[in-house]
Amino acid sequence: MKKSFLTIICLVAAFTANQVLASGDAAAGKNKVATCAGCHAGDGNSMVPSFPKLAGLGEKYLYRQLTMIKSGERMVASMTGLLDNSSDQDLQDMAAYYDSQQRTIAGAQEITMIGYSDPIEVLELGENIYRGGNLKTGVPSCAGCHSPAGTGNGPAGYPGLGGQHADYIESQLLKYQSGERACGANAKIMQGVAERLSNKEIKAIANYISGLN
């Protein structure tokens with residue numbers, strides 16, 4: 001089972017890496033994200049933990065998400081209707097703009113959990129799974145797709161995660177775990193990863209990622 005799961009990851013990675021990247025104009029996109037600034041800030045570095053940082057996530061990834069949100073394939077209540085009047089070129093330009101921005105680092109926090117009284121132990125738990133996965137439960141390393149430094153893989157459409165809000169990462173992993181987030185070519189991969197993680201591991205991973213840079 002573990003072998004087949006990892007094989008799926010490799011096959012999907014090979015497929016997505018060969019897809020054509022979105023071609024947007026960052027300069028034009030700057031004028032098209034005015035309505036986004038209220039939640040994500042003008043430069044894509046949201047100050048609110050429940051809203052994701054969009055800066056530097058990857059143009060291909062951002063374009064795909066905007067496309068799915070506009071079509072309704074990915075439901076984000078706070079964005080309902082906001083992209084209805086945006087053309088495909090608009091979405092590409094917006095993705096290009098946000099990808100061109102430098103993502104700020106949210107920063108890992110000193111947190112404790114049952115069984116982990118020392119915050120350092122929690123941070124180490126997150127780091128170990130992010131970098132090496134968990135062979136016992138069949139969890140692959142996050143770094144394999146999102147890079148050791150959390151910069152992602154632009155051509156493959158894997159987002160940069162380093163510095164992202166821990167609260168947002170945790171919420172998305174829980175949505176993958178429950179099956180609530182099920183859209184996009186890589187949803188099955190993320191669901192397969194998340195369902196093998198405990199809620200403690202998810203919290204630890206999210207906290208570790210928020211400090212990556």
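What you see below is based on every heavy atom in this structure, not just the backbone, and it leaves out hydrogens, waters and symmetry mates. Quick caveat, the model's predicted, so the values are computed rather than measured.
Both Leu173 and Tyr116 belong to a common hydrophobic cluster when Ile, Leu, Val, Met, Phe, Trp and Tyr are linked at side-chain heavy-atom distances under 4.5 angstrom. Met190 and Tyr168 fall into different hydrophobic clusters, where Ile, Leu, Val, Met, Phe, Trp and Tyr side chains are chained together by heavy-atom contacts under 4.5 Å. Leu83 and Met68 fall into different hydrophobic clusters, defined by Ile, Leu, Val, Met, Phe, Trp and Tyr side-chain heavy atoms under 4.5 Å apart, directly or through other members. A single hydrophobic cluster is seen to contain both Leu91 and Leu82, as judged by linkage of ILVMFWY side chains at heavy-atom distances under 4.5 Å, directly or through other members.
The aromatic rings of Tyr130 and Tyr208 lie tilted to each other, with the angle between the two planes from 30° to 60°.
The distance from the CE atom of Met94 to the CD atom of Gln92 is 12.0 Å, given to the nearest 0.5 Å. In this structure, Thr67 OG1 and Asp88 CG are separated by 6.0 Å, a value rounded to the nearest 0.5 Å. Separation of atoms CZ (Arg74) and CE (Met79) is listed at 8.5 Å; rounding is to 0.5 Å. Atoms CG and CD1, on Asn213 and Ile105 in that order, are 4.5 Å from each other to the nearest 0.5 Å. Distance check: Leu54 CG to Leu66 CG gives 8.0 Å after rounding to the nearest 0.5 Å. The distance from atom CZ of Arg131 to atom CD of Glu124, rounded to the nearest 0.5 Å, is 12.5 Å.
You'll find the side chain of Gln65 stays beyond 4.5 Å of the side chain of Val76, heavy atoms only. Put simply, the side chain of Arg103 reaches to within 4.5 Å of the side chain of Leu57, judged on heavy atoms. Thr112 is listed as a side-chain neighbour of Pro119, based on a closest heavy-atom distance under 4.5 Å. Contact of the Val139 side chain with the Glu201 side chain is not registered, since no non-hydrogen atoms from C-beta on lie closer than 4.5 Å.
Closest non-hydrogen pair, Glu170 versus Ala206, comes out as N-CB, 3.8 Å. Considering all non-hydrogen atoms of both residues, Lys32 and Ala28 come closest at CG-O, 3.5 Å. Minimum interatomic distance between Gly192 and Arg196 (heavy atoms only, all atoms of both residues): O-NH1, 2.6 Å. Of all heavy-atom pairs spanning Asp43 and Gln101, the tightest one is O-CB, 3.3 Å. Nearest approach of Tyr158 to Asn186, heavy atoms of both residues: CE2-ND2, 3.3 Å. Considering every non-hydrogen atom in both Ala204 and Leu125, the closest pair reads CB-CD2, 3.8 Å.
Not one N or O on the side chain of Gln164 forms a donor-acceptor pair closer than 3.5 Å with the backbone of Leu161. Side-chain N or O atoms of His165 include none that pairs as donor or acceptor with a backbone N or O of Ser210 at under 3.5 Å. With hydrogens and angles disregarded, no donor-acceptor distance shorter than 3.5 Å links the side chain of Asp167 to the backbone of Ser50. With Asn45 contributing its side chain and Thr104 its backbone, the two residues share a donor-acceptor pair below 3.5 Å. Side-chain atoms of Arg181 never come within 3.5 Å of backbone atoms of Tyr176 as a donor-acceptor pair (strictly under, hydrogens ignored). For the pair Lys60 (side chain) and Pro155 (backbone), a donor-acceptor distance under 3.5 Å is present. Judged by distance alone, the side chain of Glu59 and the main-chain N or O of Gly24 form a donor-acceptor pair under 3.5 Å. Panel note: side chain Lys70, backbone Ser86; a donor-acceptor pair is recorded below 3.5 Å. Distance alone, capped at 3.5 Å, places no donor-acceptor pair between the Asp93 side chain and the Asp90 backbone. With Ser46 contributing its side chain and Phe51 its backbone, the two residues share a donor-acceptor pair below 3.5 Å.
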Evaluate side chain to side chain contact (heavy atoms under 4.5 Å, CB included) for Glu110 paired with Val122, printing each intermediate quantity in order.
CA-CA 8 Å; Glu110 291 190 355; Val122 177; over 6 Å; no
Are Ile169 and Ile205 close enough, and set up right, to give a side chain to side chain contact (heavy atoms under 4.5 Å, CB included), and what steps lead you there?
CA-CA 9 Å; Ile169 295 173; Ile205 292 168; 5.5 Å; no
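The neighbour count for Lys203 NZ, taken as heavy atoms of other residues, nucleotides or ligands under 6.0 Å away, does not exceed 12. Atom NZ of Lys30 sits in a sparse spot, with 12 or fewer heavy atoms from other residues, nucleotides or ligands closer than 6.0 Å. Annotation: Asp84, atom CG; neighbour count of heavy atoms from other residues, nucleotides and ligands within 6.0 Å is above 12.
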